[in-house]
Amino acid sequence: MSERYDPQVAEPKWREIWAKADLFRALSPQEAGDAPKAYVLEMFPYPSGRLHVGHVRNYAMGDVVARHKKAKGYNVLHPMGWDAFGMPAENAAMERGVHPGEWTYANIAAMKAQFHKLGLSLDWSREFATCDPDYYGEQQRLFLKFLEKGLVYRKASKVNWDPVDQTVLANEQVIDGRGWRSGAVVEQRDLTQWFFRITEYAQDLLDKLETLDRWPEKVSTMQANWIGRSEGLQMRFEWAGDGPAGFDGGVEIFTTRPDTLHGASFIAVSPDHPLTQHLAQSDPDLAAFRAQCAQGGTSEADIEKAEKIGYDTGLRVAHPLRPGETLPVWTANFVLMGYGTGAIFACPAHDQRDFEFARKYALPILPVVRPTGAAAEEASETDAGLDWVRTGSGAHMSEAYTGPGTLMNSGSWDDLSIDAGKKVAIKAMSDCGLGAGKVNFRLRDWGVSRQRYWGCPIPVIHCPDCGIVPVPEGDLPVRLPDDVSFDKPGNPLVHHPRWKSTTCPSCGHDAERETDTLDTFNDSSWYFARFASATDMEERAYWLPVDQYVGGVEHAVLHLLYARFFSRAMRDVGEVDLPDGEPFSGLFTQGMVTHATFKAADGRWLQPAEVEIRGAAAIEKATGATVEVGPVEKMSKSKKNTVDPDAIIAAYGADTARWFVLSDSPPERDVEWTQAGVEGAARFMQRIWGLFEALSHPAGGPVAENDAGALEIRRAAHKATQAVDTAIEEFRFNSAIAAIHDWVNQLKKAEQLGPGVRDARLESASMLARCLTPFMPHLAEACWAKLGQEGLVSAAAWPEVEPALLVEDTVTLPIQVNGKRRSELTVSKAAVPTEVEAAALALPELKPHLEGKAVKKVIVVPGRIVNIVAV
RNA sequence: GCCCGCGUGGUGGAAUUGGUAGACACGAGGGACUUAAAAUCCCUUUCCUGUAUCAGGAGUGCCGGUUCGAGCCCGGCCGCGGGCACCA
């Protein structure tokens, strides 16, 4: 009986050997010589304190790529660090009285120990945490360069204000419009804040998406939608009569549907529009309406879901196309100040939101687009849903019509297509001087101010005389004070007795530091450049862009867009040499690891480990109480539905954990974590070990050659190597693992073939060890050593595939009759279609299916299929 | 609400991208070995019908379409998930 493989003994041993050999340190450009570079990066983790299986999956994937690239001869950079600023550290400080920095660095130490156990091929020599003063000092320097370049400015914008706690809340801290701690109804409040001019790059950020051919299509689409380029008309509606003082020009609006101008029913301006603010000063009802609109959170979902309400200002504007007609001016909460001009004209017949609003407030609805295409064809004469087309009256509409069509009720524009109508409308408005065509983006400038302690201080000083003065470069970093208190709500930097007091670098008078810190998305927007090199611009240029970036889909828009902005801004201030501004040439977005959520009766979330499933019921282990099993969701700290990989590593080893998270689901898809299957992975590990054990004890006796058996073994090994190779390159790790399963099963069977195939088995096993390395690196080392091979398999080259062993000279084709498989036929690969057709028609199994029918057509797809069409 | 995905056996999933649906694995059932257990090995395992190592039919969330041929393409629904600018 062969000895079992013990990962608890073997894994630490191999990791120590790797560390001593300094195997995973990236070579300098000079050391690397002719070897091509590969920068493999996974999104660095937030140091929550514990790894969860989502991390294991993410980093195992990156490690497969990094180890594969290394075996293929690349000079690989595969670094790791910590996205260490953020709210959880402050929450811990408030809840447990521990300093955010202390908490964070303790978490980093704990997680790093867990990381080491995974056997990842990481270059730890470049490690940093974003809360290291060294790192954030550099970030402050970048901020000042951006400021100098005009990419940074201040303006008023809205925050979620908790009136009880007197503090700003993050969107996730607003639950159903109320503060998470106080339960008070959250108000929107204006605050002057810092912004990055990301919109400066809007067009380029959009255009370059097309060049990112190794990005998932869906991510590019999401980014394109987020940037939201739209072409439309910006125009002025002039007052009918006198307008309010200071607003002489009328109301400036933006629309993407200028073709529907004849159907304009009313003007709607944002509650935050200067006009609304002005009118509210003398109209208490309007002021009350504005206050009502300011209730609830600032998130887009909150705003969109809020009931649509409006207030008639009593003002009227002239219809630009219909002399004598006037339109009322309303304030409406569905019009956002941040988009376009903060004012629209509403055409209720062809916009659902406008439609609902018009119905609610009994405003006119005039259809101006006659449906064409599918919608019109489907509608019969008796279809009441389209009565409005015949009558031309909006009174008969049950919903807005937004499909294709031609104009109606539009005077001389009648019968124009929508596109032609848009052009004519823009021309008409520019001819009369009321407006012009305009490109508008949905993308807004990036608000980077946070009223929090645990973030990168914004390095400016407010001087009563000089205004805003940058902190001189020599004084960087502006360090966070250590002696802070979280007793009071709000920003501890404001409450600190001394920290903000300073002198103006320009005039020397008393001045105050900026107390806002930077959004933590800043930290993760350039860390990849810091990994490439902290100081050496040439080395940065060598490594960048990242060749393969791996992370969760949840970052598809914000993080990736901000990083793309940063690399452009850094390029434009001379901090990085990236001509096209793109930081990640290859991107893979892995699916999330999900898990059921558990909630106790008192509302506490419970970790899976605290819950025991008994049949259909779930019981809290500690109390025996019934637990509510919630929906399967993304693993998150807040819902506590995370799984600690340490237990699995302790019981089965890191290789088993790595194998398991990669084996079943395709990497891009979500995977629901279940304990089941880990044993299977562990068993498989022993099965592999058994193969190598068996080979290490050569059987005695005479050797009878078994050429046929040996050839089959060799073919399988070379085909499997090829399959694993392409599967890794295409991010189909689960397919690679399936190929390895097949391979191992075949090698296991080959043990029965006797000593005549020993050489073939040895070759196959040596290739297997190398193909296994990216997935189960510790086991692969042990297997490699068992074979008596030189050196470390982690440093070995990928096995060479002999092309001659991959080709088959025959192929088995399915034979269909009328699309149903009735037989199969094995033919030479070189067979010409006419021969194949004749052979197929002669098959006896086909007789019953062809009887009484005439063969109309025979489709022969060489190497694929034969389909006989018979009627 | 808006944007982006996903939906295949008891379970995770495979299917050279329009060409044999269910590879590979988990689980389950049966068997071998064993005093017994563990471990290991072998077999069966989409559903229905029948004359049951065989033959026929159905089948990839639902309804319809294109095609010689659809899990894959198109249209419409249903369900689930992610993102929505202060979670990271």
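Letters A, B, ... are given to chains in the order of the sequence lines, protein chains preceding strands, and every chain is numbered from 1.
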Atom CG of A/Asn225 and atom C1' of B/C2 are separated, to the nearest Å, by 10 Å
Assign A/Ser449 to base, sugar-phosphate, or nothing according to its heavy-atom contacts below 4.0 angstrom with the strands shown.
-> base
Closest-nucleotide ordering on RNA chain B, the 5'-leading residue of A/Ile868 and A/Gln686 = A/Gln686
With heavy atoms under 4.0 Å as the rule, sort A/Val866 into base, sugar-phosphate or nothing.
-> nothing
How would you label the contact of A/Gln816 with the nucleic acid (heavy atoms, under 4.0 Å): base, sugar-phosphate, or nothing?
-> base
N/O (side chain, A/Asn818) to phosphate O (OP1/OP2, B/G69) under 4.0 Å = no
Any donor-acceptor pair under 3.5 Å joining the side chain of A/Asn867 to the base of B/C68?
-> yes
What nucleic acid atoms does A/Gln451 come within less than 4.0 Å of, heavy atoms only: base, sugar-phosphate, or nothing?
-> base
Closest to side chain of A/Arg822, choosing from B/G56, B/C24, B/A88 = B/G56
Could you work out the separation of B/G18 and B/C73 based on their C1' atoms and round it to a whole Å?
-> 8 Å
Which part of the nucleic acid, if any, lies within reach of A/Ala301 when heavy atoms closer than 4.0 Å are counted: base, sugar-phosphate only, or nothing?
-> base
How many Å lie between CD on A/Glu668 and C1' on B/U17, as a whole number?
-> 14 Å
Hey, does A/Pro45 reach any base, or is it just sugar-phosphate, or nothing, if we go heavy atoms under 4.0 Å?
-> nothing
Between B/G19 (P) and A/Leu825 (CG): distance, integer Å | 20 Å
Look at the side-chain N and O atoms of A/Asn745 and state whether any lies under 4.0 Å from the OP1 or OP2 oxygen of B/C24.
-> no
Roughly how many Å is it from CD in A/Gln223 to P in B/G5, rounded to a whole number?
-> 14 Å
Write down the distance between CG (A/Asn734) and C1' (B/A15), rounded to a whole number of angstrom.
-> 12 Å
Rounded to whole Å, CZ of A/Arg4 lies from C1' of B/U40 at a distance of 9 Å
How long is the line joining CD1 of A/Ile859 and P of B/G18, in whole Å?
-> 17 Å
Can a side chain N or O of A/Ser663 be found less than 4.0 Å away from OP1 or OP2 on B/A25?
-> no
Please work out if A/Arg442 contacts a base, only the sugar-phosphate, or nothing of the nucleic acid, heavy-atom cut-off 4.0 Å.
-> base
Check every strand shown and say whether A/Gln193 touches a base, only sugar-phosphate, or nothing at a heavy-atom separation below 4.0 Å.
-> base
Indicate, yes or no, whether a donor-acceptor pair under 3.5 Å links the base of B/C87 to the side chain of A/Glu554.
-> no
Name the nucleic acid region contacted by A/Trp446, choosing base, sugar-phosphate or nothing; use a 4.0 angstrom heavy-atom cut-off, strictly under.
-> nothing
Check every strand shown and say whether A/His555 touches a base, only sugar-phosphate, or nothing at a heavy-atom separation below 4.0 Å.
-> base
Could you point out which residue of A/Trp82, A/Trp526, A/Tyr527 forms a ring pair (Phe, Tyr, Trp, His ring centres under 6.0 Å) with A/Tyr135?
-> A/Trp526
Using purine N1 to pyrimidine N3 plus N6-O4 or O6-N4 for Watson-Crick, or N1-O2 and O6-N3 for G-U wobble, both under 3.5 Å, which nucleotide pairs with B/A85?
-> none
Does a nitrogen or oxygen in the side chain of A/Ser665 sit under 4.0 Å from OP1 or OP2 of B/G13?
-> yes
What nucleic acid atoms does A/Val869 come within less than 4.0 Å of, heavy atoms only: base, sugar-phosphate, or nothing?
-> sugar-phosphate
Any strand is fair game: report the nucleotide pairing with B/G5 by Watson-Crick or G-U wobble, both distances under 3.5 Å, or none.
-> B/C80
Euclidean distance for C1', B/G69 against B/G10 (whole angstrom) | 31 Å
How long is the line joining CH2 of A/Trp659 and P of B/C26, in whole Å?
-> 12 Å
Would you classify A/Lys218 as touching base, sugar-phosphate or nothing, given that sugar-phosphate means primed atoms plus P, OP1 and OP2, and contacts are heavy atoms under 4.0 Å?
-> sugar-phosphate
For B/U20, which nucleotide is its Watson-Crick or G-U wobble mate, given both distances must be under 3.5 Å?
-> none
In terms of the nearest nucleotide of RNA chain B, which residue is placed more toward the 5' end: A/Asp445 or A/Ala84?
-> A/Asp445
Using a cut-off of 4.0 Å on non-hydrogen atoms, how would the nucleic acid contact of A/Val174 be classed: base, sugar-phosphate, or nothing?
-> nothing
Reckon A/Gly447 touches a base, only the sugar-phosphate, or nothing at all at heavy-atom distances under 4.0 Å?
-> sugar-phosphate
Using purine N1 to pyrimidine N3 plus N6-O4 or O6-N4 for Watson-Crick, or N1-O2 and O6-N3 for G-U wobble, each under 3.5 Å, what pairs with B/A58?
-> B/U46
Could you check which nucleotide pairs with B/U66 in any of the strands shown, counting Watson-Crick or G-U wobble with both distances under 3.5 Å?
-> none
Name the pairing partner of B/U35, where a pair is Watson-Crick or G-U wobble with both distances under 3.5 Å, or state none.
-> none
Could you check which nucleotide pairs with B/A25 in any of the strands shown, counting Watson-Crick or G-U wobble with both distances under 3.5 Å?
-> B/U11
Worked check of salt bridge (charged side-chain N to carboxylate O under 4.0 Å, His left out) between A/Arg821 and A/Glu824 | CA-CA 8 Å; A/Arg821 184 185 169 280; A/Glu824 59 183 34; 3.0 Å; yes
